[in-house]
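Note: hydrogens, waters and symmetry copies are ignored here, and every other heavy atom, side chains too, is used. Keep in mind the model is a prediction, meaning the values are calculated, not measured. Letters go in sequence order (proteins before strands), and every chain restarts at 1.
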Amino acid sequence: MPKDVITQRSVDYNQWYLDIVREADLAEVAEVVRGCIVVKAHGWAIWELMQRALDERIKATGHANVQFPLLIPKSFIMKEAQHVEGFAPEVAEVTRAGGEELAEPYVIRPTSETIIGYFYSKWIRSYRDLPLLYNQWANVMRWEMRTRPFLRTAEFWWQEGHTAHATEAEAEEETLRILHEVYADFVEKEMAVPVIRGLKTEKEKFPGALRSYCIEAMMQDGRALQAGTSHNLGQNFARAFDITFTDQNNTIQYAWTTSWGVSTRLIGALIMTHSDDEGLVLPPRLAPIQVVVVPIYKNDEERSAVMAAVTRMTAEWKGRLRFKVDDRDNYSPGYKFNEWELKGVPVRIEIGPKDVAKETVALARRDLPGKTGKSFVPQAGLTERIEALLSEMQTALFQRALAFREAHTADVTTYEELKAQVERGFARAFWAGDTADEKRIQEETRATIRCIPLEQPGITGRCVYTGRETDRQVIFARAY
RNA sequence: CGGGGCGUGGCUCAGCCUGGUAGAGCACCGCGUUUGGGACGCGGGGGUCGUGGGUUCAAAUCCCUCCGCCCCGACCA
């Protein structure tokens, strides 16, 4: 009988999430450092796979990695008006070092636009220096009021891209390229999480940005999770940090900058999109262990026969599959089955004396828990079978998540419908309101406009709130 | 920052109301039997009861102080 270690989603979704994080050994709340977590080996291994896949895309689109300081002079944060307003309340400051008060406090970076802006102003002289396409992998700190592992922690790990361009059109092109070719492509293909690409409203955009684009995903409780953002900063930061260049006509111009980031929050998205009441479910492409082998035997004689078959079987997996042979002898097979299910390993191979005799193995797929996903298959051709299965599971997870999102998305035409729909998922509505209207709706429904999708229907309708005719549709949802 | 809850072996908690010198389950260690969906028996180790003070012959228990954590809201990648 399975132990009652994971709260059922239907009972308490929030507790279920925390149980998965704990039981899959992804992270632990670092109770000695407020709001922070320790990312444990399994969690970090997933992040490393995410980093690798993202980094490839970031480099393929022409960017190079750099590293800026963790500490930023406090005055830098104060230079861009909206930026100050957005981040000042949540920065941590360093006021003492070397045993004395600092003349000017540093802040621990909540994001690096300001310090990067300072250096870009030194580095950029001519249009020939542009575009400047840099990215950094870093940890940042935001003193959030309320934290949850991965979804919102005081310290988190991310990449932040920062680019500078000669024209507004180039900056806009960059912002959208990142959204499509890096973020949406990564999240949908690697994470198997479908996203809606869109533009943030004025209320929701990044502090200091001209425009913020985002990808939004739906979690299994119908709430939205912002999975990535790409900002066109216009000339706002260039003006604040004096990032100028001389153009072809020998005229001094402010540069057009962008910034974009995704964080360890994506691990939260991964959990809340695919996992079930049995534990974590990982898309094969991001599973640190794709196949686990559980050998089964009663005595030394059986053990050597089984292990010989395991060695033969796994020999051709090297370089093709990420696998682990669980040969611990202090745990029973049943214990191991459950443990690897909790940890989300996509495929499990069980091999015992009966299989050795019949030249078969038991193959279990994680996305179909229990007996449904378990079958006995021949050892011959197993590697190809597993590779095909992993690929099939990757697709199946995406399709399942997409079907779920579509089933929990509805067009609403009245405010009453909107209120009801955000209780269960995304509400798609025509919108012609302003920021004040948006705030009022948030107060009344706890839902916000997640984005103005880039894909619009091309027809007009009446705004769900003001009743005005408009051709713009938006997505309302409660967000994490 | 408002509202609530909780600090007792590694973990989850009981004991507190009604004061009498600390317990369970899990985990861990040893030995043996086990091993195809979270094995079992026997033996064993481990706790300044968050901190400081007070009341008392006696405090995990009653009173006060401080600290920390968690949950629910408002704010946010």
Side-chain angles (χ1 to χ4, degrees), chain A residues 1-6 12 14-15 18-19 22-23 28-36 85-91 110-111 138-160 183 200 203-207 212 214-217 224-231 259-269 278-279 294-300 302-303 306 326-342 348-356 360-362 364 369-371 373-374 376 439 442-443 446 448 479-480:
Chain A
M1 283 293 105
K3 281 189 190 170
D4 199 13
V5 291
I6 293 180
D12 184 344
N14 182 48
Q15 188 57 50
L18 295 170
D19 290 346
R22 184 189 66 249
E23 292 300 320
E28 182 169 320
V29 172
E31 69 273 9
V32 290
V33 188
R34 212 206 74 155
C36 291
E85 200 184 324
F87 285 105
E90 56 187 56
V91 296
T111 179
N139 53 346
V140 292
M141 178 160 275
R142 299 179 188 177
W143 212 249
E144 301 290 353
M145 287 299 123
R146 191 168 157 227
T147 58
R148 309 180 65 197
F150 295 120
L151 297 174
R152 176 158 298 103
T153 47
E155 179 186 23
F156 59 94
W157 293 266
W158 75 347
Q159 58 70 219
E160 47 178 326
Y183 292 162
K200 285 292 184 192
K203 174 176 171 297
E204 298 285 325
K205 75 176 188 187
F206 179 75
S212 289
C214 64
I215 49 175
E216 295 282 332
L225 188 115
Q226 181 175 304
T229 45
S230 184
H231 315 290
S259 72
W260 27 275
V262 296
S263 71
T264 36
R265 163 180 260 203
L266 288 177
I267 298 173
E278 321 304 320
V294 179
I296 298 160
Y297 45 79
K298 288 189 170 61
N299 50 47
D300 283 350
E302 286 183 357
R303 181 177 197 282
V306 168
D326 187 355
D327 57 359
R328 293 174 297 176
D329 56 10
N330 55 331
Y331 290 104
S332 68
Y335 181 92
K336 294 175 184 177
F337 298 165
N338 284 287
E339 177 171 333
W340 295 116
E341 247 164 41
L342 281 170
R348 186 180 67 246
I349 300 293
E350 307 166 16
I351 176 164
K354 294 174 207 165
D355 298 298
V356 173
T360 59
V361 296
K371 290 224 156 50
K374 193 158 157 176
F376 288 86
K439 279 185 179 150
Q442 181 174 9
E443 281 160 22
R446 288 167 56 209
T448 50
Y480 274 97

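- Looking at heavy-atom distances under 4.0 Å, A:K374 makes contact with a base.
- At a cut-off of 3.5 angstrom, counting only N and O atoms as typed in the model, there is no donor on one side facing an acceptor on the other between the side-chain of A:E339 and the base of B:rG38.
- Here A:R142 pairs with A:F87, A:E90, A:P110, A:T111, A:E144, A:F156, A:W158 under the side chain to side chain contact (heavy atoms under 4.5 Å, CB included) rule; sequence neighbours left out.
- Within the 4.0 angstrom heavy-atom criterion, no nucleotide atom of any strand lies near A:S230.
- Residues A:L18 and A:V29 have side chains not in contact (no heavy-atom distance under 4.5 Å, counting atoms from C-beta outward).
- Not counting sequence neighbours, the partners of A:T229 by the side chain to side chain donor-acceptor pair (under 3.5 Å) test are A:H231.
- Between A:F156 and B:rA77, a base-stacking contact is recorded: ring centres under 5.5 Å apart, planes less than 30° from parallel.
- As rounded to whole Å, 13 Å separates atom P of B:rU12 from atom CG of A:L18.
- When rounded to the nearest whole Å, the span between CD of A:Q159 and C1' of B:rA77 equals 11 Å.
- Base-pair partner of B:rU51: not found among the strands shown (Watson-Crick or G-U wobble, both distances under 3.5 Å).
- When both distances must be under 3.5 Å, the Watson-Crick or G-U wobble mate of B:rC26 is B:rG10.
- In a base pair of the Watson-Crick type (N1 to N3 plus N6-O4 or O6-N4) or a G-U wobble (N1-O2 and O6-N3), with each distance short of 3.5 Å, B:rG46 is matched with no nucleotide.
- Taking atom P on both nucleotides, B:rG37 is separated from B:rG73 by 42 Å, rounded to a whole Å.
- Distances from the side chain of A:Q442 to the nucleotides B:rC71, B:rC75, B:rG37 place B:rC75 closest.
- Contacts of A:D355 with the nucleic acid, taken as non-hydrogen atoms under 4.0 Å apart, include base atoms.
- Using a 4.0 Å cut-off, some side-chain N or O of A:R446 falls inside it from OP1 or OP2 of B:rG73.
- Atom CG of A:D19 is separated from atom C1' of B:rU12 by 12 Å (rounded to the nearest Å).
- Taking the side chain to side chain donor-acceptor pair (under 3.5 Å) definition, one finds that A:Q226 meets it with A:K200, sequence neighbours left out.
- The CD-P distance, from A:E28 to B:rC70, rounds to 12 Å in whole Å.
- Counting any heavy atom pair closer than 4.0 Å across all strands shown, A:E160 reaches no nucleic acid atom.
- A:F376 comes within 4.0 angstrom of a base, heavy atoms only.
- A:E350 comes within contact range of at least one nucleobase, with a heavy-atom separation under 4.0 Å.
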What are the atom names and distances for every N/O pair under 3.5 Å that joins the protein to nucleotides 29-31 of chain B?
none

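- One interatomic measurement links the two molecules: CG of A:N299 to C1' of B:rU33, which rounds to 14 Å at whole-angstrom precision.
- Ranking B:rA39, B:rG37, B:rA77 by closeness to the A:F337 side chain, first place goes to B:rG37.
- Every residue two or more places apart in sequence or in another chain that forms a side chain to side chain contact (heavy atoms under 4.5 Å, CB included) with A:D355 is listed here: A:I351, A:T360, A:F376.
- Residue-level contact check: A:A362 touches the bases, meaning some heavy atom is under 4.0 Å from a base atom.
- Across all strands shown, B:rG32 is found opposite B:rC40 as a Watson-Crick or G-U wobble partner, with both distances under 3.5 Å.
- Straight-line distance from the CD atom of A:E341 to the P atom of B:rG38: 12 Å, rounded to whole Å.
- With rounding to whole Å, A:R34 atom CZ is found 15 Å from B:rC67 atom C1'.
- Here the closest non-hydrogen pair linking A:K336 and A:D327 is NZ-C, 4.1 Å.
- For A:Q442, the side chain to side chain donor-acceptor pair (under 3.5 Å) criterion is met by A:K203, not counting sequence neighbours.
- Toward the 5' end of RNA chain B, the nearer of the two residues A:G334 and A:E144, judged by each one's closest nucleotide, is A:G334.
- A:L342 comes within 4.0 angstrom of a nucleotide base, judged by non-hydrogen atoms across all strands.
- A distance of about 13 Å separates the C1' atoms of B:rC13 and B:rC49, rounded to the whole Å.
- A donor N or O paired with an acceptor N or O is found under 3.5 Å between the base of B:rG37 and the side-chain atoms of A:R348.
- A:V140 comes within 4.0 angstrom of nothing in the nucleic acid, heavy atoms only.
- A residue-by-residue look at A:P207 and A:K354 shows that A:K354 has its nearest nucleotide of RNA chain B further toward the 5' end.
- With C1' as the reference atom, B:rG50 and B:rA59 are 16 Å apart, rounded to whole Å.
- The nucleotide whose nearest atom lies closest to any side-chain atom of A:Y331 is, among B:rA77, B:rG38, B:rC28, B:rC28.
- At the phosphate of B:rA77, neither OP1 nor OP2 sits under 4.0 Å from any side-chain N or O atom of A:T229.
- A:D300 and A:R303 are not joined by a salt bridge, as no carboxylate oxygen comes within less than 4.0 angstrom of a charged side-chain nitrogen.
- Look at the C1' atom in both B:rC62 and B:rU56: the space between them is 10 Å, to the nearest Å.
- Residue contacts shown for A:G352 include a base, since a base heavy atom lies under 4.0 Å away.
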